[in-house]
Each structure stands twice: as C-alpha cells, then as structure tokens.
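Worksheet: the structure to be examined is printed underneath.
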Amino acid sequence: MLLKLIIIFLLILFIAFYNVTPNIMDSDVMLVILIVLLLSTILFFTRNEKINALKGQFLKHSNLVVLGLLIVHFQMYADFILGYTGMSDSFIWVNESIVIKSMTLATIGLLCFYLGFLSYNKDFKRNGGKRIKPQYEYISVKFLMYISTLVLLIYFATVNPKYIMGHYGAVQKGAIATYMSLLFNLLIFGVIIQSCRNLFARNKIPKNFIEYTRFMGFHLLLVLGIYLLSVLISGDRGPLITFGLCYISGYFFLTKRKLSFTKGVMLFSVGALIITILGVARSFDKNLDFNQKINNAVFHSENEENSILPSTKELAVSIRTLHYSVNYISQGNELLYGRFQYQHIMASLPFSYIFNALIFEDTSFKFKGPASFVTWIHQGDFRTYGIGTSAMVDFYLDFGLMGVIFGMFIFGFFIRFAEVNFYSYSYLNLFSHIFIIVYLCNAIYISRSSVLFGFRTVVWILILLLINKYIFNKKLTK
C-alpha cells in the first residue's frame, strides 16, 4: 500500500511538471528524473512479494516488460547524461525542445504501469495459490504439426533466396512467404500450448528440461530448428527470442520451477550479445557471406559502441519514435482518438480492413498503424524505410497524455494477471493460456511495438486450436 501511495504522489508531481517542462536538454533536470525513476524501480522490484510461486523467479512477465521499457524509453537519456551521445544527434533527439517533455511522458507511463501492476489483487491463498488438479482433455496436435511442416516447405519454396542468404532489411520475403511465416508462427505457438495442456491431461510432468524436449517431440524440435536456422542466417532476430521463450515457457508452466536471478541475468547477457551481433551483422555489405558478417560484427561490437549498455543500444534508439510523436502533437496536430487501438482489435478479424474503408476517409499507408504513422511523420509520403513505434507512442498518438496514463495502467494490470496465473495455477482456460504465453514471449519487444498488437495473435491461435479440436479431433469431442 505504501508503494502505491509513493507512486501516486510521484505521478501527481510528474503530471504537473509535464505541462511546464523546459524546452532545452538540461542534463541536470534529466538526471533528477532518472534518479527518481531508478529509485521507484528499485522499490518496485524489492517490494514484498506475497505469492510464493513468484518469489525468486526471474522469468516473469513483469521483469521482461520493465526491462524492455527501461531500455527503449530511458537508455539514451542515460547515455546523454553520461556523455556517450550529444544533443547534436538529431537522428535520436529530433527536436531539442521536446526531449525533456518526452522523458517526462515516458516516466509517467512507466509509473502508471507500476501502479496498474500493483492494483491487481487475486483472491487466493498467499502460499502461491492452490494447485488445481488438471482438468485438460487430450487433443492431438498431429494435424497441426503436419500443416506446419507443409507451411514451412511452402515458405522455403516461395521466399526470396536473397532474403534467406542475409539480405534481411534490404529485400522483401515475398507476399506468399510472408503469409507462410505468419501462419508458421501461429501453428508452432498453438502446438506448444496444446502439447503442454496434453501433458497435464496425461499427468506427464517432466523431471528436467531434456525430458521436456522428449515429451514435446522430435518433429517439433526439427521443424522449429530448421526455421530458426534460416532466420539466423537471414539476419532477423525477433523469431529467435519469441520462439525461444515460447518453447521454454512450456517447461516452466508445467514444472513451476524457478529461474534464479543470477542465471537469468547470465542468459539475458549472452542473449543480448548474440542478438546485437546479429543486428550489427545485417548492416554490413550484403555481398559478404554469413561468417564474414559475424566476424565484422564482433569486432564492431567490441570497439565502436559507446553506451551504458552497448548490447542494447540498437533497441534503445527506438526512443526517437516517441520524440517524433511528441514533436508532431506539440506542433498543434490532432490526436487520432482511438483509431489505432480500434484497428489493433479489429485486425484479429478476417477482412476487417473493409470496415476501415467504411469508417475512415483516409486509409492511406500512414494510417495503417502507429509504426506507419511515425514513419510518415519522419519521411512524409516518400518513405524509404520504417522506424517502428513504441508502447508509449501507441497510446500517445491516440489519446495524448491521458492515453498513456490509462493505457499503461491497464497494461500493468494485465501483466500482473498473466504472471500470477502462469505460476500459481496448473489449470488455465484456453484463452487465458494463449494470452499469457503470447505476452510472455513478446514481453521485451512490446516496448518497441504496440501493446494490443499481440491481441491479434492471441485470437488467431485460439481459432486454430478450436478448429483443431472440433474439426480434426471430432471423435474426442463427441
């Protein structure tokens, strides 16, 4: 309760300060904001955890989400204060007059996330929740595995060969290959989720991770391994994180075991280094082979990155999307009043773009989503590349400051719901199970994406699993 009161008090102060922020990049002011944010974050992570199942558990939704939010929305400010970057870098700061305003907005958003998180209260025993006897029914995933294999073959048959050979970001996959990779993503997530439910149904709880991989099956491991190898060579990094988290999340859901802080930090450090090297590697000459790119990237990472956290700097520069958005609205342009949130929700329905044309007059590229809109702000109608978005931008463009306050509060509330239910109960209804896994696997990248973007994935996986149950497992459901 005391922590909530402290956060509410800080929110009142920052909301008042938001309207009178200085229009220069005052490092002293930025340092004060950063210190207050750091202290509140320390209090958040060192609070008394009342749920035993979550005590000492590193692999939690909140840990990954907050980590992503801190990197994307605050690392570059820390770099500026420490002298790693200067105010002349317009690529990052966009407009000096809105930088502290943007930093204050991001601080308000993170504090609202903390408040929403702490506001979730589940009425169950404080010993971590009563283990409920599994109530799952066994639903075969053979059909989903066969389809995923076929989809993977179609993907390799239609994807642009240059894309696979390391030209990620320079060439497109191709229309068919793009749809196949999306469908493969949904199928694999569905297989892993249903397989875990099947293991509970048969009371087969793995004793260790090796036994878990055996229970999940060689077919899944083979198909997933082949796809991720192609992703690695192409230079993409997102699927390595999301699929990796999805696969290991099943083990922790089944066993309720804990990943210690030390092991978690070690795994994160190694993962961040690998992901950064891949990111740097893809920026080199596309005519170099994969090994040459990796060798050059390792040398580059060791000698050229100046940052408080060099391995996450590429992720951290996404703060420029918030700067572009705040600068755009500060110039007197109108908010979008929920358009992007509506589109995120409607995107879960097939052919929902038809309704967009009926509701909105302008359906050009810039209104496709927050990332497209920020790209348009930056480059106008003649874009050459995308610059992405962030969780704060998603709410800010729609509703301004109030959107960030309420959006991040609700986001924090549901993240607490997700991690409490993931580790406290053995039984979850299908929708909750899918929601919890999807948002765990995308926890880090949500900070540079849209909060509701994952909702579409949740709905589509749900539809796939229901089709698998009621059409391809009809005998079991009779």
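Heavy atoms only: backbone and side chains are in, while hydrogens, waters and symmetry mates are out.
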query = What pairs with S348 under side chain to side chain donor-acceptor pair (under 3.5 Å), at least two apart in sequence or on another chain?
reply = none

task = Tell me, please, which residues at least two apart from S364 pass side chain to side chain donor-acceptor pair (under 3.5 Å).
result = D362

Ring-face cation contact, Y18 with K101, 6.0 Å cut, 45° max = yes

inquiry  = Within 45 degrees of the ring normal and closer than 6.0 Å to the centroid, is that where the cationic atom of R416 sits relative to F414?
reply    = no

So, do [X] and [Y] have ring centers that fall under 6.0 Å from each other?
{"X": "F80", "Y": "W93", "value": "yes"}
{"X": "Y227", "Y": "F184", "value": "yes"}
{"X": "F373", "Y": "Y328", "value": "yes"}
{"X": "F117", "Y": "F44", "value": "yes"}
{"X": "H433", "Y": "F253", "value": "yes"}

Residues F435, Y439; criterion ring-ring contact (aromatic ring centres under 6.0 Å, His included); working and verdict = CA-CA 6 Å; F435 173 86; Y439 274 84; 4.7 Å; yes

request  = Name all residues meeting the side chain to side chain contact (heavy atoms under 4.5 Å, CB included) criterion together with I345; count only those two or more places apart in sequence or in a different chain, and write none if there are none.
outcome  = L452, F455

ask   = How about N327 and S330: does a side-chain donor come under 3.5 Å of a side-chain acceptor?
value = no

ask   = Between N63 and F58, is there a donor-acceptor pair closer than 3.5 Å when you use the side chain of the first and the backbone of the second?
value = yes

